[in-house]
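Structure, as structure tokens:
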Amino acid sequence: MTISKNLLKYSRVVLKLSGESLTNVNNFSNIDSSALFFLSKEIKKIIDLNVELCIVIGAGNLFRGRQLQKIGINRVVADHIGMLSTIINGLAINNFISQMDIKTSLMSSIPLNGICEIYNWNHAINLLSKKTVVIFSAGIGNPFFTTDSAACLRAIEIKADIVLKGTQVDGVYTSDPKKNIDAVLYSQLSYQEVLEKELKVMDLSAFILARDYNIPIRVFNINKTGALKRIVKGVDEGTLIN
Ligand code: UDP
């Protein structure tokens, strides 16, 4: 059953998924079928509500440029490897979502003929109106950036209502909740507060882009069943930065 868009708080969203969200720490797999299945089910819940969804996929589960640089690979080449890794993740998530009877399109900022479409702003917007989930891979296509920047940039381009950053914790805390049991979760922050308190929301260039173009960001726990659906319906889940 589908519901009308006017019952939604957000009807066009960019979901940023880190590479980590595709993994399973218990069986040491970089790309895990149960993680992909869980994400696909969460995504189906909001597609059934008629939400227009773009996904920006990361690659921390495979390769990050910064880490490869540490083992002696030239940074530009290292970032190329990182970007290509996001396409690998994109292929995996694209395939799982399409198995849920959802139309999908995998776009890449780096042309890869026969494997995915090349990123095209106009085409992406057209696909969204046809209930197709558009997955953006290869970041913005340039080294020295991250997929957080891609999420904010694409959100501005396609005029999304919000960037939803799915993480492994419940939102933005006063300090790292994995290291400090006294860490307190913020429910709302301004862009300025994030900068003043030096809170880790996303990398700085991505964050400044969101701030300058007034794109709200919601950081939430992607592993919580139903969280994505609650957010698009307007429930206060995680931390809102606006
Ligand atoms: N990357 C890049 N340009 C971009 C996006 C990503 O060079 O526009 C590279 C960079 O090396 C990065 C890697 O791809 O470390 C994977 O992206 P990211 O670190 O954002 O993945 P996540 O942490 O979200 O899993």
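All ligand and atom numbering here is 1-based and tracks the order in the structure.
Of all protein heavy atoms, the one closest to atom 23 (O) of ligand 1 is Arg64 NH2, 2.8 Å. From the protein, the heavy atom lying nearest to atom 14 (O) of ligand 1 is Gly82 C, 3.2 Å.
Residue contacts with ligand 1: Ser18 is placed with no nitrogen or oxygen under 3.5 Å of a nitrogen or oxygen of the ligand (distance criterion only). Every N/O-N/O distance between Ala138 and ligand 1 stays at or above 3.5 Å. Considering backbone and side-chain N/O of Thr147, one or more are found under 3.5 Å from N/O of ligand 1. Residue contacts with ligand 1: Gly139 is placed with no nitrogen or oxygen under 3.5 Å of a nitrogen or oxygen of the ligand (distance criterion only). Some N or O of Asp79 is nearer than 3.5 Å to an N or O of ligand 1, by distance alone. Considering backbone and side-chain atoms alike, Gly65 places an N or O below 3.5 Å from some N or O of ligand 1. By the 3.5 Å distance cut-off applied to N or O atoms, Asp148 is not counted among the residues near ligand 1. Checked by distance only, ligand 1 and Leu17 stay at 3.5 Å or farther apart across all their nitrogen or oxygen atoms. Considering backbone and side-chain atoms together, Phe145 places an N or O closer than 3.5 Å to an N or O of ligand 1.
To the nearest 0.5 Å, atom OH of residue Tyr10 and atom CD1 of residue Ile46 are 12.5 Å apart. The distance from atom CD of Glu52 to atom CD1 of Ile47, rounded to the nearest 0.5 Å, is 9.0 Å. Note that CG of Leu240 and CG of Leu164 are 10.0 Å apart. Values are rounded to the nearest 0.5 Å.
Under the 4.0 angstrom criterion for non-hydrogen atoms, Met83 is in contact with ligand 1. Heavy-atom separations between Lys16 and ligand 1 include at least one value shorter than 4.0 Å. Within the structure, ligand 1 lacks Ser149 among the residues with a heavy atom less than 4.0 angstrom away.
Of all atoms in ligand 1, listed by their number and element, those nearer than 4.0 Å to a heavy atom of Gly60 are 21 (O), 22 (P), 25 (O).
By the criterion of a heavy-atom distance under 4.0 Å, neither the backbone nor the side chain of Ile81 is placed next to ligand 1.
Under a cutoff of 6.0 Å and an axis angle of 45°, Arg154 and Tyr119 form a cation-pi pair.
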**Message:** Please determine whether side-chain contact (heavy atoms from CB on, under 4.5 Å) holds for the pair Val51 and Leu228, giving the CA-CA distance in whole Å, both sets of side-chain angles, and the decisive distance to 0.1 Å.
**Reply:** CA-CA 11 Å; Val51 171; Leu228 191 56; over 6 Å; no

**Request:** Take Lys165 and Asp148 through the test salt bridge (charged side-chain N to carboxylate O under 4.0 Å, His left out) and record every step on the way to the result.
**Result:** CA-CA 9 Å; Lys165 183 170 160 122; Asp148 282 346; 3.1 Å; yes

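A donor-acceptor contact closer than 3.5 angstrom is absent between the side chains of Ser40 and Gln99.
Taking the six-membered ring where the residue is Trp, the centroids of Phe207 and Tyr191 are separated by under 6.0 Å.
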